[in-house]
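Working notes, structure below.
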Amino acid sequence: MEFFCYHRDRPGSLALRHELLEQHWSYMDGYAAEMIARGPTLTRDRETPTGSVHILDLPDPTAARAFAFDEPGYQAGVYRDVMVRRWRNLLGRTMWDIPGGGTGGNRYLVLGLGGGGAADVAPPPEQGDLIAYGPLLSDDGTACLGTAALLRALDPATARAVLAEDRYADIEVHDWQFGGRPS
């Protein structure tokens, strides 16, 4: 089962986030085989982290919640909230499968939230700049609660256009970058 986890930073937690960075990476190392995509969301100037995205394949919702809530930054109070949703990998690949995916252009997390019913359950026909794409689902996988996409785009407006505006209660666009230990 695939899951989308988004930890949103608590205001004023940047110093604590930096202090726990090695612990965070060590924790994530334990999930390397399960990772589909990961990385921080950032302020518009791409200088300051605002959250942390992890998409991974885990056995069940209980394992996904344990992953999200046992994370060292969460345990220490770095995050103000956490979204954990079942997710379906419609592209069938990881972010490391994208040629040049971590370089060139701007990268974004686009979240289409609410609105009721299935929305954008198939990826757009033009997939060249999509890094990850799939529906956000209920724990039992029967209800579509939104869509999450990671992509390379010219700007936030272009990134937002990957989702149909009229199918969601809200669409969020966050600057995002590939995550993990620096090489």
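Through direct or relayed side-chain contacts under 4.5 Å between Ile, Leu, Val, Met, Phe, Trp and Tyr, W25 connects to L21.
Counting only heavy atoms from C-beta outward, the side chains of D9 and Y79 approach each other to under 4.5 Å. L113 places a side-chain heavy atom less than 4.5 Å from the side chain of M83. At a threshold of 4.5 Å between non-hydrogen side-chain atoms, the residues P61 and D140 do not count as touching.
Summarising the geometry, atom OG belonging to S138 is positioned 9.0 Å from atom CZ belonging to R85; distances are rounded to the nearest 0.5 Å. The CD1 atom of I171 sits 4.0 Å away from atom CD of E165, with the distance rounded to the nearest 0.5 Å. Atom CD of E71 sits about 10.0 Å away from atom SG of C5, to the nearest 0.5 Å. A distance of 14.5 Å separates CD1 of I55 from CD of E34, quoted to the nearest 0.5 Å. In this structure, CZ on F4 lies 11.0 Å from CG on L56, to the nearest 0.5 angstrom. Taking CZ from R152 and CD1 from I98, the interatomic distance works out to 7.5 Å, rounded to the nearest 0.5 Å.
The ring-ring contact (aromatic ring centres under 6.0 Å, His included) search around F69 returns Y74, not counting sequence neighbours. Partners of T48 by side-chain hydrogen bond (donor to acceptor under 3.5 Å, both in side chains), not counting sequence neighbours: none found. In this view, N106 satisfies the side-chain hydrogen bond (donor to acceptor under 3.5 Å, both in side chains) rule with no residue, not counting sequence neighbours. Residues satisfying the side chain to side chain contact (heavy atoms under 4.5 Å, CB included) criterion with T41, sequence neighbours excluded, are Y6, T50, V53, L109, H174, W176.
The salt bridge (Lys or Arg N to Asp or Glu O under 4.0 Å) analysis of residues 37-48, with sequence neighbours excluded, yields the pairs R44-D175, R46-D175.
Relative orientation of the H7 and F67 rings is perpendicular, given thresholds of 30° and 60° on the angle between their planes.
In plain terms, the two heavy atoms of Y133 and W87 that are nearest each other are C-CZ2, 3.3 Å. In terms of heavy atoms, L150 sits closest to A37 at CD1-CB, 3.6 Å. Pairing each heavy atom of S13 with each of V78, the nearest pair is OG-O, 2.9 Å. Closest non-hydrogen pair, G112 versus L163, comes out as N-CD1, 3.5 Å. Taking all atoms of both residues into account, the shortest heavy-atom contact from L151 to A159 is CD1-CA, 3.9 Å. Annotation for R88 and G141: closest pair NH2-O, 4.1 Å, computed over non-hydrogen atoms.
Looking at D155 and T158, their side chains do bring a donor and an acceptor atom within 3.5 Å of each other.
Hydrophobic clustering places V110 together with L130 (ILVMFWY residues linked when any side-chain heavy atoms are closer than 4.5 Å, directly or through intermediates). Residue I36 is grouped with residue L111 when hydrophobic side chains (ILVMFWY) are merged at heavy-atom distances under 4.5 angstrom, including chains of intermediate members. Residue F178 is not grouped with residue L42 when hydrophobic side chains (ILVMFWY) are merged at heavy-atom distances under 4.5 angstrom, including chains of intermediate members. If you chain together hydrophobic residues whose side chains sit under 4.5 Å apart, M28 and M95 fall into the same group. Hydrophobic clustering of Ile, Leu, Val, Met, Phe, Trp and Tyr side chains at less than 4.5 Å, counting indirect connections, keeps L16 apart from L14.
Remark: of the listed residues L58, L137, L136, L137 is the sole one forming a side chain to side chain contact (heavy atoms under 4.5 Å, CB included) with R86.
Side chain of Q23 to main chain of P72: no donor-acceptor pair is present (N/O by atom type, distance under 3.5 Å, no hydrogens or angles).
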